[in-house]
Amino acid sequence: MNNQKQQKPTLSGQRFKTRKRDEKERFDPTQFQDCIIQGLNETGNDLEAVAKFLDASGAKLDYRRYAETLFDILVAGGMLAPGGTLADDVIRTDVCVFSAQEDLETMQAFAQVFNKLIRRYKYLEKGFEEEVKKLLLFLKGFSESERNKLAMLTGILLANGNLSASILNSLYNENLVKEGVSAAFAVKLFKSWINEKDINAVAGSLRKVNMDNRLMELFPANKQSVEHFTKYFTDAGLKELSEYVRNQQTIGARKELHKELQEMMARGEALKEISLYVKEEMKKNNISEQTVIGILWSSVMSCVEWNKKEELVTEQAIKHLKQYSPLLAAFTTQGQSELTLLLKIQEYCYDNIHFMKSFQKIVVLFYKAEVLSEEPILKWYKEAHIAKGKSVFLEQMKKFVEWLKNAEEESESETEEGD
């Protein structure tokens, strides 16, 4: 018997050499940069030739890997160091945005270069967006002229749909805002954007990325007011942007007012407190009485769960509205406000079918409670009503209107006799 310890079998074989293509390539943008800069310099500032060179080079060079380097060169002429500066020892080219003429026509031509490049190599889209976000954060490292060119180019690219308005987030950087760089940059950007499209298209793009209510953040907290924004951008020649922001603020204030009113009513707060709050909001946000009466009506009608039976809902509505009549009366001090309320009631009773038979009773209640007066009611009946449920509501109101006319005639005749 062999007492020697048996040797365990071992696996052995030929060691294969790793294929070159499987080795991880070291990230080295220098050679890539040299190729791009040499090619750009050979175009001699002919942007058509630049576009053709970039198109052809994508087949030979690794654009996907070196996207940031590529865009740095096309914008600044060379690779950018953190902060936005070009290192002294870095080779550069003058065939770039920052070395071009500072005018809209030149920037439109450069925008076409980027547009063609990104359409040809779709995978560059995300990298380009990241590049622009980075460049906006580097604004302080650029000269005023370079900022202006970048602003014009960005506005054109936003208009063309090459960029999403979400890139504007970079402009809300605290240091850029504090030093006024963001606001100055935004002036040039919006001018070129609106020049390419119009304020409605700009508004649509901003709304898509929830940026429509954030434009005031271009200023420090102590200057974030509609008045300051309006003056700054109107003085800079962007009145349409100023008006847009003012309207947005009003819309925002209306929504906030409606929400707060619903909460106050749900808590059962005193009508006096609600009235005081509404008046303060009107003054603060420059909201008209006609707008407020519409918001109040909507809030009053949405703070209760209505009975689904037509024969019971009228009684419920009269009881509920009687409670809120003093509040509504406080905001119908003008004939136009009364007319607005009448139209809101008509619309509501038509849109909510259970209220179709309630219209006349609500109007009579408001007349007795001095929320509505004769003249607006007669005007509504004669000419100012809307099409919704018109025949039904005019028929309902016929007898009451006749009574109002007779009461008015009697009042006039008594006045004449008194004279």
Side-chain angles (χ1 to χ4, degrees), residues 254-279 281 289-333 335-374 376-381 384-404 407:
R254 286 178 201 167
K255 284 180 182 172
E256 194 55 43
L257 176 60
H258 189 264
K259 186 184 168 193
E260 185 58 30
L261 278 170
Q262 285 180 308
E263 287 174 7
M264 290 176 92
M265 287 171 187
R267 291 195 299 266
E269 292 201 21
L271 298 187
K272 192 178 175 183
E273 292 302 314
I274 296 174
S275 180
L276 204 65
Y277 165 72
V278 173
K279 283 174 182 173
E281 288 300 302
E289 189 179 84
Q290 288 95 290
T291 302
V292 161
I293 196 64
I295 295 169
L296 274 170
W297 167 260
S298 174
S299 302
V300 166
M301 295 306 280
S302 61
C303 74
V304 66
E305 197 170 323
W306 296 108
N307 201 301
K308 294 288 182 283
K309 292 183 179 176
E310 197 174 294
E311 62 273 17
L312 298 174
V313 81
T314 301
E315 190 183 335
Q316 186 190 5
I318 296 303
K319 190 178 176 184
H320 177 67
L321 290 170
K322 198 171 186 178
Q323 180 191 343
Y324 283 100
S325 289
L327 178 65
L328 294 165
F331 298 96
T332 50
T333 63
Q336 195 56 46
S337 306
E338 293 181 52
L339 202 52
T340 299
L341 179 57
L342 274 162
L343 294 171
K344 290 288 180 187
I345 300 166
Q346 181 186 350
E347 198 170 11
Y348 186 89
C349 290
Y350 177 81
D351 290 343
N352 298 274
I353 199 160
H354 301 304
F355 282 83
M356 284 294 280
K357 291 181 181 177
S358 308
F359 180 78
Q360 185 262 2
K361 289 183 170 63
I362 293 170
V363 175
V364 171
L365 167 73
F366 283 164
Y367 174 74
K368 288 177 180 175
E370 296 184 351
V371 175
L372 298 171
S373 55
E374 296 92 335
I377 295 172
L378 294 172
K379 189 176 180 180
W380 171 86
Y381 186 83
H385 49 260
I386 53 174
K388 289 183 172 183
K390 169 184 159 183
S391 55
V392 175
F393 299 140
L394 289 178
E395 184 59 37
Q396 278 183 31
M397 289 291 289
K398 199 172 179 181
K399 285 185 181 177
F400 181 60
V401 165
E402 281 172 13
W403 180 84
L404 278 179

Here the gap from Thr291 atom OG1 to Leu257 atom CG, rounded to the nearest 0.5 Å, amounts to 10.0 Å
Do the charged groups of Lys255 and Glu281 touch, with an N to O distance under 4.0 Å?
no
With sequence neighbours excluded, what pairs up with Ala329 under the side chain to side chain contact (heavy atoms under 4.5 Å, CB included) test?
Val371
Please tell me if the side chains of Ile377 and Glu374 come closer than 4.5 Å, counting only heavy atoms from C-beta onward.
no
Please enumerate all residues that pass side chain to side chain contact (heavy atoms under 4.5 Å, CB included) together with Gln316, with sequence neighbours excluded.
Val304, Trp306, Asn307, Val313
Show the nearest heavy-atom pair for residues Ile318 and Leu365, with the distance to one decimal.
O-CD2, 3.8 Å
Closest heavy-atom pair and its distance - Ser302, Gln262
OG-NE2, 2.8 Å
4.5 Å side-chain heavy-atom contact, Ser298 and Tyr348
no
I'd like to check the ring pair (Phe, Tyr, Trp, His ring centres under 6.0 Å) partners of Phe393; sequence neighbours left out, ordered by chain and number.
Phe359
Are any non-hydrogen side-chain atoms of Ile293 and Lys344 less than 4.5 angstrom apart?
no
Approximate separation, where rounding is to 0.5 Å, of Thr332 OG1 and Gln336 CD
12.5 Å
What are the two closest heavy atoms between Glu289 and Ala330, and how far apart are they?
OE2-O, 4.3 Å
Considering all heavy atoms, the nearest Glu338-Pro376 contact
OE1-CG, 3.3 Å
Let me know which of Leu378, Val363, Leu404, Val364 forms a side-chain contact (heavy atoms from CB on, under 4.5 Å) with Met397.
Val363
How about OH on Tyr350, more than 12 heavy atoms from neighbouring residues, nucleotides or ligands closer than 6.0 Å, or not?
no
Around atom CD of Glu315, are there more than 12 heavy atoms of other residues, nucleotides or ligands at under 6.0 Å?
no
Side chain of Gln396, backbone of Gln360: donor and acceptor closer than 3.5 Å?
yes
Between CD1 of Ile295 and NZ of Lys259, what distance do you get to the nearest 0.5 Å?
14.5 Å
Of all residues at least two apart in sequence or in a different chain, which pass the ring pair (Phe, Tyr, Trp, His ring centres under 6.0 Å) check with Tyr277?
none
Look up atom CG in Leu276 and atom CG in Leu271, then write down how far apart they are to the nearest 0.5 Å.
12.5 Å
Just so I know, are the side chains of Glu263 and Arg267 near enough to count as touching, which here means a heavy-atom distance under 4.5 Å?
yes
What one should report as the nearest heavy-atom pair of Cys303 and Tyr324 is SG-OH, 4.2 Å
Distance-only donor-acceptor hits, side chain of residues 385-392, under 3.5 Å, sequence neighbours excluded:
from   : atom 1 : to     : atom 2 : distance (Å)
His385 : ND1    : Trp380 : O      : 2.8
His385 : ND1    : Tyr381 : O      : 3.3
Lys388 : NZ     : Glu347 : OE2    : 3.4
Lys388 : NZ     : Asp351 : OD1    : 3.4

Would Val300 and Gln323 count as a side-chain contact (heavy atoms from CB on, under 4.5 Å) here? Give the steps.
CA-CA 10 Å; Val300 166; Gln323 180 191 343; over 6 Å; no
Got a second to check how far Leu296's CG is from His258's NE2, nearest 0.5 Å?
9.0 Å
Side chain to side chain contact (heavy atoms under 4.5 Å, CB included) partners of Lys379, counting only residues at least two apart
Leu339, Glu383, Ala384
Got a sec: does the CD of Glu370 have more than 12 other heavy atoms crowding it under 6.0 Å?
no
Distance, nearest 0.5 Å, that separates CD of Glu402 from NZ of Lys398
6.5 Å
